[in-house]
Each structure stands twice: as C-alpha cells, then as structure tokens.
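Have a look at the structure below, then the notes.
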Amino acid sequence: MRVEIPLYTERFGSVRINDVQRILELDSGRRRDDEKEITTIHKIEKNEIEDVEDKLAIVVPVKEEKLKLLEGVLSGIPHDCVVIVVSNSQTNPINRFKMEVDTLARFHRFTRRKMLVIHQKDPGLALAFQENKYTGILDKKEKLVRDGKAEAMVVGILLAKMVGKEFVGFVDADNYIPGAVNEYVKNFAAGFCMAESSYVMVRNSWKYKPKIYNTGIYFKKWGRISEVTNRYLNLIISNYIGFETEVIKTANSGEHALTMKLAEILKYSSGFSVEPYELLYILEEFGGIKPTNYPEVIEDGVEIFQIETRNPHFHEDKGEDHLKKMLLESLSVVYYSELCNQTIKTLILNELVSQNILKKDTFPPQLPTMPPLRSINIQNFNEKLKEAKTFTMFE
Ligand code: GDD
C-alpha cells in the first residue's frame with residue numbers, strides 16, 4: 001500500500017493527531033531492489049500488513065442486520081484476523097441471534113477461519129463482569145449488559161484480549177461492500193505499521209458517503225453527524241492551543257482500531273457517543289491539562305492516524321430519528337467534557353435546539369461511561385465465560 005506521510009500533525013500535550021492521509025495505491029506491488037524511495041510517501045509492504053493482521057481482532061457489533069450484509073462483511077475481513085461478533089439481536093419470538101450463529105457456522109465450514117460469537121445479553125457474560133467488579137457496563141435494572149454499540153465494543157475488546165491479540169479494530173455489520181471492508185482493515189494495519197508509539201488509534205475517514213437520489217447517485221463527502229461533531233472537537237482543541245485547527249475529521253468514525261495497550265486504558269462512553277468520547281478522553285487524560293493516571297504513556301505519547309479510504313462507504317440508512325439520537329449523544333459527551341468551556345457549551349445547546357433535537361432551556365442527557373478494562377483479570381474473566389458457555393468459538 002502507498003500512503004501519504006502525515007503532512008500536518010497537531011500536538012496536544014503528549015497526543016499527536018495526524019491530519020488525514022490519502023492512499024495513493026491500495027496495492028503497491030512486489031518489493032524491488034532498485035526501488036527509489038519517495039520521501040513524502042510511505043510504502044507499506046504486503047508482509048508488514050499481514051504481520052499486523054495476524055495480531056489483529058476485528059469486532060463486528062451487530063443488531064438486527066440483514067444476514068446477507070453480515071456474511072458480506074465476514075467475507076471482506078482478511079483471513080488471518082480473528083473475527084469477534086458481538087450481537088444484540090433478538091432471541092425471541094424469532095431467534096435472529098441463532099440465525100447469525102448459523103451464518104458464522106456455515107461460513108466457517110467453507111473458510112476454516114477463527115471466529116467467536118457472543119450475545120451481549122447473555123447472563124453468563126453479565127456475571128463475569130459482576131465477579132470482576134466491572135459493573136459500569138451493566139444495566140441497573142436488568143443486571144445484564146446495557147444495550148448499545150459501545151457496550152458491544154467493550155465486550156469485543158475483552159474477547160480480543162482473551163485470545164491474545166495486540167490490536168483490535170471495529171467494523172459495522174451493515175456495510176454493503178465487502179471490498180470496502182477489506183480496505184478498512186488494511187488501512188488499520190497500515191496505520192499500525194506507520195506508528196512509533198505503542199499507544200495508537202487509527203480512524204478511517206470516508207472519501208465519500210454516497211447518497212442515492214431519484215436524480216442519481218451523489219458522492220457526498222461528509223456525513224451530517226460527523227461534520228458537526230468534528231466542528232466542536234476542533235473548537236475544543238483550538239481553544240486550548242490558541243490556534244484555530246480543523247485537524248479532527250473523524251469524530252464519529254465507527255470503523256477504527258486501537259493497539260490493545262491503548263484500548264485497555266481508555267474509558268468508553270455508552271452507545272453512539274463512543275467514538276467522539278475516545279478522542280476527548282485521550283485529550284483529557286494525555287493532553288497535559290491534568291496529571292495522568294498513566295505516566296508511562298506520556299513518554300511514548302499517543303498517536304492518532306486518520307486514513308482516507310479509497311472505497312466509498314455504503315451502509316444501511318437508519319433514518320432521521322436515528323441520526324438525531326446519534327448527534328445528541330455525540331454532542332452530549334463534548335458538552336460534559338472537562339475540556340468544554342461555557343462558550344462552547346452555549347454553542348452546543350444552540351446547535352441542538354436549532355436542529356430540533358433539544359428543547360430550549362433543557363440539557364443533553366449525561367451518558368454512562370465504562371472504566372478502563374485493565375482492571376479486569378482476564379484469566380478469571382475467560383474462565384467465567386467458559387464455565388457459563390457464553391460464547392461459541394469457531395477455529
Ligand atoms: N451488539 C450491538 N449492540 N450492536 C449494535 C447495537 C447494540 O446495541 N446497536 C447498533 N449495533 C450495530 C449495528 O448493527 C451496526 O452493525 C453497528 O452497530 C452500527 O450501528 P448503526 O445503527 O448501523 O449505526 P450507523 O451506521 O448509523 O452509524 C455508524 O457510523 C457512525 C459514523 O458515521 C456507527 O458506527 C456509529 O458509531 C458511527 O458514529
């Protein structure tokens with residue numbers, strides 16, 4: 001793969017946020033001895049990418065998606081990555097979860113690839129969290145894992161750690177184009193190959209998110225939510241560094257990946273606020289504004305890569321109310337961040353009111369957060385899950 005070097009990097013304490021990097025070639029060919037190096041371009045060899053894929057788990061959160069889409073996503077994930085499907089689909093009256101497990105079993109019969117599948121609401125999973133005193137992920141009434149994509153991601157990270165992976169990435173189950181999924185994972189790997197630190201996050205930036213209208217297809221650049229969330233995250237950074245910046249272009253990037261070393265020390269915010277919150281938390285904790293709980297990270301620094309995909313992003317359109325909920329949750333975490341000053345808070349409230357998402361003189365809901373996963377004893381967690389037969393492993 002051939003990727004531009006980061007042409008511009010914003011520093012925020014020990015956090016390095018690289019501007020979007022474009023891909024020149026998805027496949028840069030065989031390595032040749034007489035090759036001339038181009039200083040502004042990273043050439044990442046196939047074997048380097050494959051080495052990362054061997055150590056990478058891809059978590060696929062799924063809730064009531066079409067099985068054909070799920071199967072397409074599985075087919076796009078490079079074979080050597082472990083796939084971890086975390087489902088919150090219904091089991092009753094129709095057992096959609098069982099259909100998902102059957103889809104995986106069939107896929108495994110023909111591909112023999114390693115996959116794990118678990119249901120987010122499995123009582124054994126909740127018990128394993130309880131026994132490890134990690135109750136921030138549980139619904140207070142049900143005493144099961146809460147609904148939410150972030151909650152599925154947290155379960156996925158733990159399973160990735162359980163099977164010994166060094167990297168963990170997330171790919172939604174409603175992607176229409178398997179070839180695009182394949183690219184997302186290669187981009188994650190490329191980011192890790194370029195990194196110098198062991199605390200790394202790679203976020204995909206969509207080249208286009210096309211919309212289909214009666215008049216034809218339109219290659220839209222920005223999603224409606226990310227455009228707004230990016231603006232407020234950039235305002236926060238600009239306010240601290242004293243220079244206006246537009247460096248954040250992936251505030252809501254669902255498809256992203258982390259080194260396990262970073263994944264296990266982050267806090268996670270519930271539902272769809274998870275992606276902007278990851279960035280905010282990194283800035284809060286490692287931005288030098290307050291003493292950190294992880295001094296070892298300061299030395300190495302946290303690196304954030306934003307890589308622009310070549311493939312356009314086609315996914316299920318879940319409607320207007322879904323988008324409003326997502327924007328409310330995204331701006332809520334910005335609003336309650338310790339980095340957000342009163343002026344930005346007021347701008348956020350005005351934004352939400354003008355978009356008819358919040359009534360005047362009301363405030364966004366404060367969402368639950370989940371503490372760093374490092375506190376969980378992974379051996380014990382693994383044993384508890386096995387005892388309760390919570391997950392199915394295909395290998
Ligand atoms: N396990 C689980 N539990 N999966 C869930 C849940 C849940 O409670 N809720 C949603 N999912 C799954 C969906 O089935 C899908 O595979 C993925 O999580 C994303 O959810 P969508 O509802 O399809 O979200 P979206 O496509 O509108 O938004 C995506 O893109 C945004 C950026 O444009 C998500 O990835 C967002 O997180 C992201 O910000």
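Atoms within each ligand, like the ligands themselves, are counted from 1 in listed order.
Among pairs with a residue in residues 287-307, none fulfils ring-ring contact (aromatic ring centres under 6.0 Å, His included), at least two apart in sequence or across chains. For residues 85-95, the set of pairs meeting the side chain to side chain donor-acceptor pair (under 3.5 Å) definition, not counting sequence neighbours, comprises Ser87-Ser89, Ser87-Glu100, Asn88-Asp147, Ser89-Glu100.
Shown here is Arg22, whose CZ atom has no more than 12 heavy atoms of other residues, nucleotides or ligands within 6.0 Å.
With respect to the salt-bridge test (charged N to carboxylate O, under 4.0 angstrom), the residues Lys325 and Asp321 do not qualify.
Protein residues having at least one heavy atom under 4.0 Å from any atom of ligand 1 are Pro61, Val62, Lys63, Glu65, Val86, Ser87, Asn88, Gln120, Asp147, Gly148, Lys149, Ala152, Asp172, Ala173, Asp174, Lys209, Asn252, Gly254, Phe272, Glu275, His315, Lys318, His322, Met326, listed by chain and number.
Partners of Glu53 according to the salt bridge (Lys or Arg N to Asp or Glu O under 4.0 Å) rule, which considers only residues two or more places apart in sequence or in another chain, are Lys186.
Relative orientation of the Phe12 and Tyr240 rings is perpendicular, given thresholds of 30° and 60° on the angle between their planes.
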